[in-house]
Colleague: 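Before anything else, here's the structure in question.
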2 protein chains.
Amino acid sequence: MVKDELDHKILCYLKENSRASYAQIGREIGLSASAVGERIQRLEQTDVIKGYRTLIDPKKMGFSVSAYIHMSLESKNFHSFVATLDSFSEIEHCSRVTGETCLIMKINVKDSDHLQRFIDRLAKHGNPSTQVILSDIITA
Amino acid sequence: MVKDELDHKILCYLKENSRASYAQIGREIGLSASAVGERIQRLEQTDVIKGYRTLIDPKKMGFSVSAYIHMSLESKNFHSFVATLDSFSEIEHCSRVTGETCLIMKINVKDSDHLQRFIDRLAKHGNPSTQVILSDIITA
DNA sequence: ATTGAAACTTATCCACT
DNA sequence: AGTGGATAAGTTTCAAT
């Protein structure tokens with residue numbers, strides 16, 4: 001778990017720059033590299049840190065359309081559908097939520113043709129509703 | 001830009017493990033560490049790589065409620081509201097989208113009290129509609 | 001829990017290809 | 001555009017505190 005202010009500072013720093021070296025973080029917060037390393041190892045083992053990701057511009061990878069899709073499913077189909085989600089490479093995020101729609105997902109597709117095919121695939125399992133992303137204002 | 005299959009492999013690998021060393025990536029794809037380093041530097045400079053992030057469990061940081069909030073605004077208020085978004089530390093993602101709602105955001109708050117206060121803050125500028133996240137099924 | 005030193009690994013630069 | 005060698009920097013482990 002997050003024990004003290006030093007852990008908090010390490011996490012704040014790592015959050016925005018996961019390739020920072022232990023030595024660099026140590027300099028920032030006034031701790032030796034080995035102490036930083038040990039703390040980070042503990043934060044990884046206790047699942048406070050869930051992974052290290054690289055933010056890649058989907059447009060520059062040929063995925064020029066991004067969208068949020070909301071999807072309602074009949075409860076009897078929910079779990080079987082969720083089990084198939086890994087096969088949808090287009091999905092960046094997917095969360096189960098309260099309210100009328102059961103799932104909200106963020107997806108990246110090549111073009112509107114690809115979007116159409118993706119929606120058609122979803123529509124076999126439920127009722128997708130799409131909002132195309134015009135711009136990302138905050139990207140964590 | 002992404003030039004060839006090797007760039008693509010580097011990005012796929014970095015995407016899921018941004019702390020991998022150049023040597024480690026090189027071993028994976030059959031390239032020397034220096035060549036990997038040069039390619040990654042180019043991918044950073046051409047903004048294919050937009051940053052390196054650490055995935056932190058918000059629950060373990062004391063933010064036990066996450067939600068999607070949709071918000072419609074009058075067009076005349078849109079840009080002034082967007083300019084104030086940086087002051088909302090609770091927002092993890094925010095995108096402008098097509099359709100009835102102008103913005104979709106993902107937020108992390110401490111508890112339902114905090115959620116209520118956050119919604120009240122938004123409500124001064126537009127019409128927020130909230131769906132609480134029950135579970136994250138896919139987290140990129 | 002943190003430090004500092006030792007042994008190991010990686011990043012960066014550059015000459016060569 | 002890639003390799004391999006040299007050097008500087010970083011990581012990891014561990015005994016001491």
Side-chain angles (χ1 to χ4, degrees), chain A residues 1-64 89 92 108 110 139-140, chain B residues 1-64 89 92 108 110 139-140:
Chain A
M1 287 295 178
V2 185
K3 301 172 79 165
D4 55 20
E5 186 58 28
L6 283 173
D7 272 12
H8 197 264
K9 281 183 183 171
I10 289 172
L11 290 168
C12 279
Y13 197 83
L14 263 186
K15 186 175 168 58
E16 300 298 320
N17 183 9
S18 61
R19 281 188 73 81
S21 70
Y22 297 164
Q24 194 176 333
I25 298 167
R27 268 177 248 124
E28 206 76 22
I29 66 172
L31 213 60
S32 70
S34 33
V36 172
E38 280 174 27
R39 279 173 177 267
I40 289 179
Q41 205 175 351
R42 177 174 44 76
L43 291 166
E44 288 170 353
Q45 281 163 358
T46 56
D47 281 326
V48 177
I49 292 175
K50 288 164 68 187
Y52 301 102
R53 297 290 135 88
T54 300
L55 233 60
I56 295 163
D57 188 341
K59 286 192 177 39
K60 300 211 167 141
M61 294 283 282
F63 291 84
S64 52
S89 61
E92 189 183 318
N108 299 304
K110 288 188 213 152
T139 310
Chain B
M1 288 293 177
V2 186
K3 302 172 77 164
D4 53 22
E5 187 57 28
L6 283 172
D7 272 11
H8 197 265
K9 281 183 183 170
I10 289 172
L11 290 167
C12 280
Y13 197 83
L14 263 186
K15 186 175 168 58
E16 300 299 320
N17 183 9
S18 61
R19 282 187 74 81
S21 70
Y22 297 163
Q24 194 177 333
I25 299 167
R27 268 177 246 123
E28 205 76 22
I29 67 172
L31 212 60
S32 70
S34 33
V36 171
E38 280 174 27
R39 279 173 177 267
I40 289 178
Q41 206 174 351
R42 178 173 44 76
L43 291 166
E44 287 169 354
Q45 282 162 358
T46 56
D47 280 326
V48 176
I49 292 174
K50 288 164 69 188
Y52 301 101
R53 298 289 137 87
T54 300
L55 233 61
I56 294 163
D57 188 340
K59 288 192 175 40
K60 300 211 167 141
M61 295 283 281
F63 291 83
S64 53
S89 62
E92 188 182 321
N108 300 304
K110 289 187 213 151
T139 309

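Chain A is the first sequence line, chain B the second, and so forth, proteins listed ahead of strands; every chain is numbered from 1.
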Colleague: Counting heavy atoms from C-beta on, name the nucleotide in D:dG2, C:dT10, C:dT3 closest to the side chain of A:E38.
Modeller: C:dT3
Colleague: Under 4.0 Å, heavy atoms only, any strand: does A:Q24 hit a base, just the sugar-phosphate, or nothing?
Modeller: nothing
Colleague: After noting the C-alpha distance and the side-chain angles of B:N17 and B:Q24, does the key distance pass the side chain to side chain contact (heavy atoms under 4.5 Å, CB included) rule?
Modeller: CA-CA 11 Å; B:N17 183 9; B:Q24 194 177 333; 4.1 Å; yes
Colleague: Which nucleotide, C:dA11, D:dT3, D:dG10, lies nearest any side-chain atom of B:A35?
Modeller: D:dT3
Colleague: Please report the C-alpha distance between A:I25 and A:L14 in whole Å, then the side-chain angles of each, then the deciding distance to 0.1 Å, and finally whether the side chain to side chain contact (heavy atoms under 4.5 Å, CB included) criterion is met.
Modeller: CA-CA 8 Å; A:I25 298 167; A:L14 263 186; 4.0 Å; yes
Colleague: From CZ of B:R19 over to P of D:dG10, roughly how many Å is that when rounded to an integer?
Modeller: 12 Å
Colleague: For residues B:I40 and B:I10, determine if any side-chain heavy atom of one lies less than 4.5 Å from a side-chain heavy atom of the other.
Modeller: yes
Colleague: Using atom CD of B:E5 as one end and atom P of D:dG2 as the other, report the distance to the nearest whole Å.
Modeller: 14 Å
Colleague: Across the strands shown, which category fits A:R27 at heavy-atom distances under 4.0 angstrom: base, sugar-phosphate, nothing?
Modeller: sugar-phosphate
Colleague: When you look at NZ of B:K110, are more than 12 heavy atoms from neighbouring residues, nucleotides or ligands closer to it than 6.0 Å?
Modeller: no
Colleague: Respond yes when some side-chain nitrogen or oxygen of B:Y22 is under 4.0 Å from OP1 or OP2 of C:dT9, and no when none is.
Modeller: no
Colleague: Tell me the side chain to side chain donor-acceptor pair (under 3.5 Å) pairs involving residues 29-44 of chain B, sequence neighbours left out?
Modeller: B:D4-B:R39, B:D7-B:R39, B:D7-B:R42, B:S32-B:S34, B:E44-B:Y52
Colleague: Roughly, in whole Å, what's the span from CZ in A:R42 to P in D:dT12?
Modeller: 16 Å
Colleague: Rounding to an integer number of Å, can you tell me how far A:Q41 CD sits from D:dT13 P?
Modeller: 7 Å
Colleague: Do the side-chain N or O atoms of A:R39 get closer than 4.0 angstrom to the phosphate oxygens (OP1, OP2) of C:dT2?
Modeller: yes
Colleague: Across the strands shown, which category fits A:S34 at heavy-atom distances under 4.0 angstrom: base, sugar-phosphate, nothing?
Modeller: base
Colleague: Would you mind reading off the distance between B:I25 atom CD1 and C:dT9 atom P, rounded to a whole angstrom?
Modeller: 18 Å
Colleague: Rounded to the nearest Å, what distance is computed from the NZ atom of residue B:K3 to the C1' atom of nucleotide D:dA1?
Modeller: 7 Å
Colleague: Starting from C1' on C:dA11, measure out to CG on B:L14 and report it in whole angstrom.
Modeller: 14 Å
Colleague: Given atom CD1 of A:I29 and atom P of C:dA1, what is their separation to the nearest angstrom?
Modeller: 15 Å
